[in-house]
Amino acid sequence: MSLGTISDNDPTKFSAAVASKIFDDAAPVLDGTPAAFIDVETLPLSKEELAEVNGLSGIRVNVTIKPEMPLGDFSEKIWFSTPKVPGYRMSLEISGRRQGPFLFVGEDWHDKSSTIRLGDFPAKKGKKVRISIFSAEKDGPLTLEVAEQDPAEMIVKIHQREGDVNDGQVQHYVDVEIPAGLPPARRVYEKGGYIVIKTSHPQVPTMKLRVSYISGT
């Protein structure tokens, strides 16, 4: 189920029915703990609701997505099981996006995965890229600074463009460099690097950007 772009300020709520068309006493039960930013409430389906979905037993699943959801695209599964079929699990998959008050722009920025992609390059030459971060609201003075990073040898610099860009928006440049001469490395997928940026924005105190690259011999 795609929720599209969710609110930055208010919880996003939706409801779905999960029912069995075979057993009249095997309503699914929540199996496992959903992600920290997802609240799940389950209630038995009424006779009227069962008739609407042509089910014999089932539950109403009320889901709340908290506004603390990390920025970017998300995809999560809520798992259920039934005592009638041991070992069998079913899932309700939800996906969407939280835009947040920031807009990321750059040819080396992959928006869907919140990743700065440096691509393939010779380790002896290194590589440097730049992306821009625009504030999407008139928030007053805004500061961004690097709080954490991996790898430690990576050079990350953030500075603000002078003056307003458009209608009060602010633009920050983020320069990311893998210095020349480091040992070859394959930093992709689960082994990729990251940058944690601390902000003065009250809604987004920190944001984590992934860093992906392959430096060869």
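If you read the sequence from its start, that first residue is 1, and numbering goes on from there.
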Grouping I, L, V, M, F, W and Y whenever their side-chain heavy atoms are under 4.5 Å apart, do [X] and [Y] come out in a common cluster?
X      : Y      : value
Leu144 : Ile155 : no
Leu92  : Val85  : yes
Trp79  : Val18  : no
Val40  : Leu45  : no
Met69  : Val204 : no

*Under the side-chain contact (heavy atoms from CB on, under 4.5 Å) criterion, do Ile94 and Ile65 qualify, and how do the steps go?*
CA-CA 10 Å; Ile94 56 176; Ile65 310 296; 3.6 Å; yes

Side chain to side chain, [X] and [Y], heavy atoms closer than 4.5 Å:
X      : Y      : answer
Thr206 : Thr199 : no
Asp39  : Glu41  : no
Asp10  : Pro67  : no
Ile158 : Tyr173 : no
Val63  : Met1   : no
Tyr213 : Ile178 : yes
Val105 : Phe134 : yes
Phe14  : Leu3   : yes

[X] versus [Y], closest heavy-atom pair with distance:
X      : Y      : answer
Phe102 : His201 : CZ-CB, 4.0 Å
Pro83  : Pro86  : O-CD, 4.0 Å
Pro101 : Asp8   : N-OD2, 4.2 Å
Pro202 : Pro205 : O-CD, 4.3 Å
Gly55  : Lys21  : CA-CG, 4.3 Å
Phe23  : Ser20  : N-OG, 3.1 Å

Gap between atom [atom2] of [Y] and atom [atom1] of [X] - 0.5 Å precision:
X      : Y      : atom1 : atom2 : result
His172 : Arg161 : NE2   : CZ    : 12.5 Å
Ile195 : Ile116 : CD1   : CD1   : 4.0 Å
Thr12  : Ile6   : OG1   : CD1   : 4.5 Å
Ser215 : Lys124 : OG    : NZ    : 13.0 Å
Leu209 : His110 : CG    : NE2   : 14.0 Å
Ile22  : Lys84  : CD1   : NZ    : 11.5 Å

*In terms of side-chain heavy atoms, does Asp24 have a donor or acceptor partner in Ser57 at a distance below 3.5 Å?*
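The criterion, which ignores hydrogens and geometry beyond distance, is not satisfied for Ser57 and Asp24.
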
Would you call [X] and [Y] a salt bridge, taking side-chain N to carboxylate O under 4.0 Å as the test?
X      : Y      : answer
Arg187 : Asp150 : yes
Glu49  : Arg60  : yes
Arg97  : Asp111 : yes

*Test Val156 against Val174 for side-chain contact (heavy atoms from CB on, under 4.5 Å), laying out the working first.*
CA-CA 7 Å; Val156 183; Val174 181; 4.2 Å; yes

Give a yes or no on whether the backbone of [Y] and the side-chain of [X] come within a donor-acceptor separation of less than 3.5 Å.
X      : Y      : value
Lys127 : Leu118 : yes
Thr115 : Arg210 : no
Glu145 : Ala147 : no
Arg117 : Ser212 : no

Is it the case that atom [atom1] in [X] sees more than 12 heavy atoms from other parts of the structure closer than 6.0 Å?
X      : atom1 : result
Arg89  : CZ    : yes
Lys66  : NZ    : yes
Glu107 : CD    : no

_Ring-face cation contact, Tyr194 with Lys208, 6.0 Å cut, 45° max_ =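 Yes, cation above the ring, under 6.0 Å and within 45°.
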
*Going through the checks in order, is the side-chain contact (heavy atoms from CB on, under 4.5 Å) test met by Val146 and Val196?*
CA-CA 6 Å; Val146 178; Val196 176; over 6 Å; no

_Working note: Val176 + Lys128, criterion side-chain contact (heavy atoms from CB on, under 4.5 Å); need CA distance, chi angles, decisive distance, verdict._
CA-CA 6 Å; Val176 179; Lys128 181 178 180 180; over 6 Å; no

*Which is it for Gln169 and Ser135 under the side-chain hydrogen bond (donor to acceptor under 3.5 Å, both in side chains) test, yes or no, and what are the steps along the way?*
CA-CA 6 Å; Gln169 287 192 338; Ser135 63; over 6 Å; no

*Can you say whether the rings of Trp109 and Phe104 are parallel (under 30°), tilted (30 to 60°) or perpendicular (over 60°)?*
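Parallel: the ring planes of Trp109 and Phe104 meet at under 30°.
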
